[in-house]
Amino acid sequence: MRRRRAATKEEAAAKPVPEPVMFTSTHSGTFGGQKMTYRVEAGETHIPGKDGEPAASLFTISYIRENARGPRPVSFVFNGGPGSASVWLHLGLLGPKRVQVASDADSDDGAAPYVMLDNPLSLLDVTDLVFIDPVGTGYSRAVGKGVDKDYWSEEGDGSSIAEFIRIWITKNQRWNAPKYLIGESFGTTRAAYLAHRMATGEVDISLNGLVLISQALDYEGSTSVHDNVYSYVTYLPSMAAAAQYHGKAGQGVPQAEFLSDARAFARDEYGPALWKGAQLSPQERARIRERLVYFTGLSAEYVERSDLRILMPRFQKELLREEGLAIGRLDGRYAGDEADDVAEVPEADASSYFIESAYTSLLNDYLYRDLGVRMDRPYIVSSEAAGNGWNFRNAAEGEYWEPSYVNAGRQLSTAMRRNTALRAWVANGYFDMITPFFDAEITFGRYGIPQERVAMTYYQAGHMMYLNEPALDAIAADLRAFYAGALEDQRPE
C-alpha cells in the first residue's frame, strides 16, 4: 500500500484560494463638462507568488469610459499610510462621487446621515481611473500560501502592485496607452519606487507621469523628532503658515511674503544656528529666539525652554493652548477641543477624526448601493496591523542593514533619467503639518531629479488639500493642465 506524503509546514498553513469576484456595473455622468457613460469593475485580481500560485488578492475599482477613442490614458491610484485604502483620493478628489465635509475645517462630520455629492471635477473626462487597495487594506488580502506581512515592505508592496498593473494593462489591451501613477503621502513613496521598478525591472512598463500629492520621498525631512536637525528646518515654514492662519503670527503681512521670509530664515539662519548648538553666542541665541517667536507665535519663554528646537507635535498643542485647542497634524486649519489642556502633545489628530466617519460610512454605502459589491468581510479603511507591521528596512533576512530614514529620491531620479518622457507633479498644502511644503522644495532640488520635468503647486489647505473646496477647484484644474502638459511650476525663486 502506498503511503501518503506528509504535508509540509507551508502546505499545512496554506489557506484555501477562493475564486476572485468581480462586480460590474454601468453608469453615466458629466465630468469636465463632458457627458459620458462609464463601466465600473470592482473586484479581485490574484497576484501569484514565487511558485506561480495565487498568494495575494488585490481588490481594485476601475472606472473605464465606454466607447473611448484613441489611446486613452489610464491612471493607477493609491493612498498611503502605509496601511491606508484608496478611499480618500477616491471619494475626496478623483472619483465620480465625493464626500461633503466642512470646507473651512470649522466643524466635524458628526453622525450619519452624511452627504455624498456628484463630482463633476472627476478626472474621468481625461483618463480612466483604477483605485488600488494594497494587501491588508480595503478587501485586499493574502491568499493560499501568502501572508499579509509578506506584502508590508517596499519589495512586497512594489512587486504586487507592479504585477497588478501588468495584468490590468494586458487584460484591457492598454500597453500602448499613456500611463500615470497618482499617490498621496506614503503613496508618493510608493509611486517613486514603483516608477523605479517599472523602469529598471524585467518587465519595462513606461510611465508618462507621476502625480505626487503631499510628497513623502525623504523621511528625514518629515520626521519631527529630537536630534533630527533637518526636520526643525523643514517644518518651520509650515508652523509659520498655521500660526498666521490662526491669528498668532504674521498679522498684516501677505502670506506669500511671510512664508518667503520663513523659508529664508529657516535655510539661512536657523539651520546654521542649530548646527552651532551650544557654541551659539548669547547675542546669536537671542536673535534666533526672537525670530522663532515672530514666525511661530509661541512665547519667548516656551521657545527658550524648548532649547530653540520645537517639535511639530508640541507645536500642535502649544499654539492654541490658551484657547484649550490642539491643531491638526494632517491639516493645521483644524482645531480640536481636548480634555487634557496641559498635555505635551495632542491625544489625537483633529483633522483626521473630523472627517473619517463620513468617508468610512459613505464608502461602504456607495460600494453596496451604487456598485453592487457584496463581500464576506469588512472594508478596512486604515489598517493598524499594516501600519505597525510595515518593514521599512527593505533588506533581505540576514543582510547587513544600518538604520536610516526611508528615501525614494534617488529611485525617482533614476526612473526619470531612464524614461526621459516621465514628468512629475508635486501638490502641496500650506497647512500640511506632516509632509511640509518646504521639505518638498528641498527634496526635489536634490538627488539629481530633472528639474525641467517637475512642476510644484500650492494650496490653501493641508495634507488632503481637496477637503477645502476652493483648493479642490484649483487642484482639479491643475490636474487637467498636468495631463495636457501645460502645468507651470510655482516654486519660489
Side-chain angles (χ1 to χ4, degrees), residues 82 185-186 189 214-243 248-249 262-263 265-282 284-321 326-330 332 338 340-349 351 387-388 390 392-393 401-407 409 431-443 446 463:
S185 192
F186 177 80
T189 317
S214 302
Q215 72 83 39
L217 264 59
D218 181 350
Y219 280 43
E220 187 174 11
S222 56
T223 303
S224 183
V225 293
H226 275 316
D227 303 320
N228 178 12
V229 175
Y230 183 32
S231 71
Y232 297 118
V233 173
T234 57
Y235 274 107
L236 192 280
S238 295
M239 292 181 182
K248 298 296 182 179
R263 288 178 176 100
F265 166 71
R267 180 187 62 240
D268 301 334
E269 298 180 65
Y270 188 35
L274 291 172
W275 283 114
K276 285 187 177 181
Q279 302 304 312
L280 273 178
S281 69
E284 289 174 313
R285 187 177 184 89
R287 159 72 178 173
I288 296 301
R289 182 178 63 243
E290 176 187 332
R291 296 297 281 166
L292 286 172
V293 169
Y294 172 74
F295 286 115
T296 67
L298 303 180
S299 69
E301 179 190 12
Y302 185 84
V303 171
E304 183 60 42
R305 284 194 292 116
S306 299
D307 194 25
L308 310 182
R309 294 160 171 80
I310 304 163
L311 296 176
M312 178 54 79
R314 291 179 175 177
F315 175 79
Q316 290 175 253
K317 190 71 174 179
E318 190 65 24
L319 182 66
L320 301 181
R321 188 181 292 278
I327 69 170
R329 187 67 184 273
L330 293 172
E338 299 183 341
D340 189 350
D341 289 337
V342 298
E344 179 186 11
V345 298
E347 64 182 37
D349 184 354
S351 53
N388 294 333
W390 197 270
F392 285 101
R393 289 176 54 169
W401 177 76
E402 187 73 24
S404 62
Y405 288 105
V406 173
N407 190 339
F431 310 114
D432 184 347
M433 304 283 109
I434 196 164
T435 57
F437 65 87
F438 193 43
D439 173 50
E441 295 168 9
I442 294 173
T443 295
R446 303 163 66 189
H463 196 70

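Below, all heavy atoms of this structure are taken into account, side chains as well, without hydrogens, waters or symmetry copies.
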>> Could you walk me through whether Arg309 and Val229 satisfy the side-chain contact (heavy atoms from CB on, under 4.5 Å) test, starting with their C-alpha distance in whole Å, then the side-chain angles of each, then the deciding distance to 0.1 Å, before giving a yes or no?
In response: CA-CA 9 Å; Arg309 294 160 171 80; Val229 175; 5.8 Å; no

>> Measuring from atom CG of Leu280 to atom CD1 of Ile288, what distance do you get when rounded to the nearest 0.5 angstrom?
In response: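 Reported value, rounded in 0.5 Å steps: 7.0 Å.
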
> Does Lys276 offer a backbone N or O that forms a donor-acceptor pair with the side chain of Gln279 under 3.5 Å?
Replying inline: no

> Is any side-chain heavy atom of Arg446 closer than 4.5 Å to a side-chain heavy atom of Asp218?
Replying inline: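 Yes; the side chains approach each other to less than 4.5 Å.
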
>> Ignoring hydrogens, what is the shortest heavy-atom contact between Pro313 and Arg329? Give both atom names and the distance.
In response: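 Closest approach of Pro313 to Arg329: CG-NH1, 3.8 Å.
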
> Which atom pair, heavy atoms only, marks the closest approach of Tyr219 to Thr189?
Replying inline: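 Closest pair (atom of Tyr219, atom of Thr189, distance): OH-OG1, 3.1 Å.
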
> Between Leu319 and Ala242, which heavy-atom pair has the shortest distance, and what is it?
Replying inline: CD2-O, 4.1 Å

>> Tell me if the CG atom of Asp227 is crowded by more than 12 foreign heavy atoms within 6.0 Å.
In response: no

> Are Met312 and Ile434 close enough that some pair of their side-chain heavy atoms sits under 4.5 Å apart?
Replying inline: no

> Do you know the tightest heavy-atom contact between Ala216 and Ser185?
Replying inline: CB-O, 3.7 Å

> Step by step, would you call Glu220 with Asp439 a side-chain contact (heavy atoms from CB on, under 4.5 Å)?
Replying inline: CA-CA 9 Å; Glu220 187 174 11; Asp439 173 50; over 6 Å; no

>> Testing the basics here: between Tyr235 and Met433, what is the closest heavy-atom pair and its distance to 0.1 Å?
In response: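 Closest approach of Tyr235 to Met433, heavy atoms only: CE2-O, 3.2 Å.
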
> To the nearest 0.5 Å, what is the distance between CG (Leu274) and CG (Asn228)?
Replying inline: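 Atom-to-atom, Leu274:CG and Asn228:CG are 11.0 Å apart.
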
> For the side chain of Ser351 and the backbone of Gly328, is there at least one donor-acceptor N/O pair under 3.5 Å apart?
Replying inline: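 Not at all, since once roles are kept as given, no pair shorter than 3.5 Å links the two residues.
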
>> Applying side-chain contact (heavy atoms from CB on, under 4.5 Å) to Ser238 and Phe438, what does each step give before you reach the verdict?
In response: CA-CA 8 Å; Ser238 295; Phe438 193 43; 5.9 Å; no

> Rounded to the nearest 0.5 Å, how far does CG of Leu308 lie from CZ of Arg285?
Replying inline: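 Nearest 0.5 Å value for the CZ-CG distance: 4.0 Å.
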
>> Within this structure, what is the CH2-CZ distance for the pair Trp390 and Phe186, rounded to the nearest 0.5 Å?
In response: 4.5 Å

>> To the nearest 0.5 Å, what is the distance between CG on Asp341 and NZ on Lys317?
In response: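 These two atoms lie 5.5 Å from each other.
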
> Do Tyr270 and Leu292 pass the side-chain contact (heavy atoms from CB on, under 4.5 Å) test, and can you show the C-alpha distance, the side-chain angles, and the key distance before you say yes or no?
Replying inline: CA-CA 9 Å; Tyr270 188 35; Leu292 286 172; 3.9 Å; yes

>> Can you tell whether the side chains of Arg321 and Glu318 come within less than 4.0 Å, N to carboxylate O?
In response: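 Salt bridge: yes.
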
>> Looking at Asp340, is its backbone amide N or carbonyl O close enough to the side chain of Glu347 to form a donor-acceptor pair, meaning the two atoms are under 3.5 Å apart?
In response: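 No, the answer is negative, given that no donor and acceptor are paired below the 3.5 Å cut-off.
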
>> Can you classify the ring geometry of Tyr232 versus His226 as parallel (below 30°), tilted (30 to 60°) or perpendicular (above 60°)?
In response: tilted

> Distance from Glu344 atom CD to Leu311 atom CG, nearest 0.5 Å?
Replying inline: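 Between Glu344 CD and Leu311 CG, I get 8.0 Å after rounding to 0.5 Å.
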
> Of all heavy-atom pairs between Gly297 and Ala243, which one has the smallest distance, and what is that distance?
Replying inline: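 Of all heavy-atom pairs spanning Gly297 and Ala243, the closest is N-CB, 4.4 Å.
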
